[in-house]
Peer 1: 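Have a look at this one.
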There are 4 protein chains.
Amino acid sequence: MFELDVRSRKPIYEQLMDKIKEMILYGILKPDEQLPSVRTLSAQLTVNPNTIQKAYRELEREGYIYSQAGKGSFVAPSQQQPGAAQLAEMKERLLKLFAEAIYLGFTKSDIEKLYQQTMEEQERGKSSD
Amino acid sequence: MFELDVRSRKPIYEQLMDKIKEMILYGILKPDEQLPSVRTLSAQLTVNPNTIQKAYRELEREGYIYSQAGKGSFVAPSQQQPGAAQLAEMKERLLKLFAEAIYLGFTKSDIEKLYQQTMEEQERGKSSD
Amino acid sequence: MFELDVRSRKPIYEQLMDKIKEMILYGILKPDEQLPSVRTLSAQLTVNPNTIQKAYRELEREGYIYSQAGKGSFVAPSQQQPGAAQLAEMKERLLKLFAEAIYLGFTKSDIEKLYQQTMEEQERGKSSD
Amino acid sequence: MFELDVRSRKPIYEQLMDKIKEMILYGILKPDEQLPSVRTLSAQLTVNPNTIQKAYRELEREGYIYSQAGKGSFVAPSQQQPGAAQLAEMKERLLKLFAEAIYLGFTKSDIEKLYQQTMEEQERGKSSD
DNA sequence: GTGGTCTAGACCACC
DNA sequence: GTGGTCTAGACCACC
């Protein structure tokens with residue numbers, strides 16, 4: 001299911017968050033679908049339960065999942081109205097990454113193609129219910 | 001010259017790297033232009049010399065600047081032919097960020113506008129010699 | 001009658017307690033009025049009977065309702081003379097919340113308006129017999 | 001400095017957050033003042049460092065303090081512009097608490113006095129630099 | 001020395 | 001069985 005790099009500089013809990021976010025964004029994990037329990041994932045990945053829990057807690061804080069004590073953790077329905085701060089932060093991240101991409105020679109049409117590709121992958125994920 | 005945020009969670013040396021990268025990407029620092037010495041910058045920013053040193057070392061490792069023993073550090077000429085690995089990594093980063101942006105509701109035209117804006121800023125920087 | 005949020009972090013039994021307290025405080029449930037039986041409410045809300053039981057038990061402990069074996073649970077008549085400990089505790093809670101409210105910029109007139117609004121809602125509830 | 005109740009239902013990290021918030025709100029801890037280090041407080045309170053860190057992390061998330069790895073944790077300058085969500089949540093909390101206070105017989109003038117008292121305590125704290 | 005991450009476990013409330 | 005809290009400890013990057 002997941003592949004984690006324990007040697008990476010990036011903390012394990014962040015790697016986990018990225019993987020799960022990706023699966024949500026690409027529609028592989030559907031809204032209200034149950035995620036593996038903290039213990040199960042801990043055993044599967046041979047990662048400490050506390051580390052899994054930290055990832056889940058942060059994902060909940062960011063609005064990607066919701067957790068219920070005694071029940072489990074579930075994929076949150078996608079946000080309808082992102083906050084102004086969230087939009088501003090994303091804009092900043094896009095501007096910075098574009099600056100680097102242009103430096104490497106990426107053209108407007110390269111960017112458009114990649115955006116289109118991402119859109120299509122998301123559509124595929126969502127329609128494959 | 002620089003403004004560092006000591007309250008930020010981001011390490012000082014990373015903030016410094018980002019600022020210098022930005023000035024290179026936007027053409028404010030030109031190829032082969034000399035950067036301030038570690039000592040000068042350390043005094044100007046009231047930041048530990050080791051921290052400046054680390055930022056310069058990392059920037060050199062990433063190919064943004066080069067150092068000449070006894071002379072100083074200089075902006076590297078922009079790479080004409082980025083490696084295949086670099087292009088693949090950038091493509092990956094763009095795909096991931098687009099996935100998040102789409103999740104937040106950014107449209108194709110939003111993306112195009114931001115790309116255009118970045119392009120123009122870079123042009124302005126380079127032509128202002 | 002009730003709407004429970006299964007996605008909330010707040011335990012179901014606490015949500016239930018809050019709803020019932022609210023209905024008592026706003027006069028929607030009158031003194032000595034009978035509450036639905038544990039079984040009935042359990043079926044209506046599709047919530048485990050143990051959970052309903054726990055909410056009723058806690059509400060009784062706090063003095064909001066009373067139970068008669070074999071008859072059912074009833075709204076307690078509003079306390080005419082709250083204990084000194086209760087008053088002191090409420091005073092403490094108000095002081096703490098005001099400190100936070102002031103920190104967020106709530107003015108004296110904001111506070112007065114909210115108090116007035118609460119008063120009017122309670123009056124409306126009680127007079128609608 | 002602090003008194004924690006290990007037997008309480010309220011988690012230790014929340015008790016700690018409340019105490020620190022209180023000291024910030026009443027001006028006992030001033031903006032940019034350094035908090036005791038995680039290790040120091042852990043030893044003083046004989047509470048696990050992880051628990052202290054959890055309290056600090058949450059306080060940072062709520063905007064009361066800021067932490068710098070390698071430096072320490074500090075009181076954040078008071079927020080100038082609280083978010084709309086924050087204001088809405090506080091309004092809700094005030095309405096609920098007023099409903100309970102009215103039930104216990106607190107009058108408008110009681111509420112006003114308590115608000116006034118809180119204001120004065122904050123002023124005293126801030127001016128006693 | 002500082003905060004941040006992580007392990008290996010225990011115990012708790014909730015359902 | 002589930003997530004949430006907590007301990008006792010180790011190691012890391014940063015300054």
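Please read all numbers here as calculations on a predicted model, not as lab measurements. When reading the values below, keep in mind they use all heavy atoms of this one structure, side chains included, and skip hydrogens, waters and symmetry mates.
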Peer 1: So among P36(C), S67(C), S37(C), which one has a side-chain contact (heavy atoms from CB on, under 4.5 Å) with S73(C)?
Peer 2: S67(C)

Peer 1: Any side-chain to backbone donor/acceptor pair from Q15(B) onto D5(B)? Under 3.5 Å, distance only.
Peer 2: yes

Peer 1: Apply the test side-chain contact (heavy atoms from CB on, under 4.5 Å) to residues N50(C) and K54(C): give CA-CA distance (whole Å), side-chain angles for both, the deciding distance (0.1 Å), then the verdict.
Peer 2: CA-CA 6 Å; N50(C) 289 329; K54(C) 179 160 191 176; over 6 Å; no

Peer 1: Within the side chain of Q68(D), is there an N or O that forms a donor-acceptor pair under 3.5 Å with the backbone of F74(D)?
Peer 2: no

Peer 1: Would R57(C) and E60(C) pass as an ion pair if we require N to O under 4.0 Å?
Peer 2: no

Peer 1: Given pairs defined as Watson-Crick or G-U wobble with both distances under 3.5 Å, what dot-bracket annotation applies to DNA chain F, with ( ) intrastrand, [ ] crossing, | other strand and . unpaired?
Peer 2: ||||||||||||||.

Peer 1: Looking across every strand, which nucleic acid part, if any, lies under 4.0 Å from R39(A) by heavy atom: base, sugar-phosphate, or nothing?
Peer 2: base

Peer 1: Between I28(B), L25(B), L29(B), which is the residue that forms a side-chain contact (heavy atoms from CB on, under 4.5 Å) with I20(B)?
Peer 2: L29(B)

Peer 1: Decide side-chain contact (heavy atoms from CB on, under 4.5 Å) for L41(D) and L16(D); before the verdict, give the C-alpha distance in whole Å, the side-chain angles of both, and the deciding distance to 0.1 Å.
Peer 2: CA-CA 10 Å; L41(D) 205 51; L16(D) 237 164; 4.0 Å; yes

Peer 1: Indicate yes or no: does K19(D) engage E22(D) in a salt bridge with an N to O separation below 4.0 Å.
Peer 2: no

Peer 1: Of all of residues 46-55 of chain A, which get a heavy atom below 4.0 angstrom from DNA chain F, listed by number?
Peer 2: N50(A), Q53(A)

Peer 1: More 5' along DNA chain E: K10(C) or R57(D), using each one's nearest nucleotide?
Peer 2: R57(D)

Peer 1: Can you work out whether Y56(D) or V6(A) has the more 5'-proximal nearest nucleotide on DNA chain E?
Peer 2: Y56(D)

Peer 1: Passes side-chain contact (heavy atoms from CB on, under 4.5 Å), R93(D) versus L97(D)? Steps please.
Peer 2: CA-CA 6 Å; R93(D) 286 170 69 192; L97(D) 196 56; over 6 Å; no

Peer 1: In a check of side-chain contact (heavy atoms from CB on, under 4.5 Å) between N48(D) and each of T51(D), L45(D), T46(D), which one passes?
Peer 2: T51(D)

Peer 1: At a heavy-atom distance below 4.0 Å, which nucleotide of DNA chain E is the first touched by chain C, and which is the last?
Peer 2: dC14(E) to dC15(E)

Peer 1: Can you work out whether Y13(B) or G70(A) has the more 5'-proximal nearest nucleotide on DNA chain F?
Peer 2: G70(A)

Peer 1: Salt bridge check, D18(A) against K10(A): does any charged N sit closer than 4.0 Å to a carboxylate O?
Peer 2: yes

Peer 1: If you assign each of I12(B) and P11(D) to its closest nucleotide in DNA chain F, which residue comes earlier from the 5' end?
Peer 2: P11(D)

